[in-house]
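Below is one structure, written out as structure tokens; comments come after it.
Numbers here are sequence positions counted from 1.
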Amino acid sequence: MTFSRKRSASLFSISLVAAAALFAAAPAFAHAALRKAVPAAGEVVDTPPTKLTLEFSTAIDLAKAELSVSDAVGEGVALLPPDGEAESGTTIERATKSPLAPGRYSVAWRVLSVDGHYTRGTYTFEVRER
């Protein structure tokens with residue numbers, strides 16, 4: 001093997017090791033994804049919820065978190081301001097100002113994950129007629 005082939009093989013090996021290290025570290029920089037919600041996406045509940053809880057896969061900046069709820073005709077549901085939330089964490093909780101009437105509701109969220117990227121999403125749930 002000549003010197004240039006040895007050098008090429010060494011550079012290739014170093015590149016593979018560097019790429020493996022980069023991909024192994026990737027989960028640490030993952031964007032926040034909705035992990036769990038109460039009420040859950042698509043859920044039909046018998047008892048109107050008094051609060052919504054959204055848990056994310058990674059820490060988020062709670063001061064910049066946005067959460068809105070609207071009914072089937074697009075009217076916004078009044079949510080109370082955060083009560084005692086920490087400055088960082090993985091969970092958003094917001095109480096409803098008044099009980100939810102039977103019907104379908106849409107939840108929209110937008111959060112800033114600790115990696116500096118915003119993620120957003122929507123889902124629906126339903127309060128069953130009693």
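Of all the heavy atoms in P49 and T96, the pair that sits closest is O-OG1, 3.7 Å. When all heavy atoms of L79 and L67 are compared, the closest pair comes out as CD1-O, 3.8 Å. Of all heavy-atom pairs between A32 and T58, the closest is CA-CG2, 3.4 Å. The minimum heavy-atom distance between S57 and R35, with the atom names listed, is CA-CD, 3.9 Å. When every heavy atom of Y123 is checked against every heavy atom of P39, the shortest pair comes out as OH-O, 3.1 Å. Nearest heavy-atom pair, K64 versus Y118, reported as atom, atom and distance to 0.1 Å: CD-OH, 3.7 Å.
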For this session: Begin with the C-alpha distance, continue with both residues' side-chain angles, and end with the deciding distance and a verdict on side chain to side chain contact (heavy atoms under 4.5 Å, CB included) for W109 and L52.
Result: CA-CA 11 Å; W109 55 267; L52 284 86; over 6 Å; no
Exercise. Checking side chain to side chain contact (heavy atoms under 4.5 Å, CB included) for the pair V111/I92: CA distance, chi angles, key distance, verdict?
Worked result: CA-CA 10 Å; V111 296; I92 300 171; 3.7 Å; yes
For this session: Evaluate the side chain to side chain contact (heavy atoms under 4.5 Å, CB included) criterion for residues Y105 and T124: first the C-alpha distance (whole Å), next the side-chain angles of each, then the deciding distance (0.1 Å), finally the verdict.
Result: CA-CA 5 Å; Y105 292 88; T124 62; over 6 Å; no
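R94 is listed as a side-chain neighbour of P82, based on a closest heavy-atom distance under 4.5 Å.
Taking a 6.0 Å sphere around CZ of R110, one finds it holds more than 12 heavy atoms contributed by other residues, nucleotides or ligands.
Under the 4.5 Å side-chain contact rule for hydrophobic residues, L112 and L62 do not share a cluster.
Distance check, rounded to the nearest 0.5 Å: OG1 of T91 to CG of L54 gives 9.0 Å.
For T53 (side chain) and V38 (main-chain N/O), no donor-acceptor pair under 3.5 Å exists by modelled atom type.
Residues E55 and K36 are not paired through a salt bridge, judged by the lack of any N-O separation under 4.0 Å between the basic side chain and the carboxylate.
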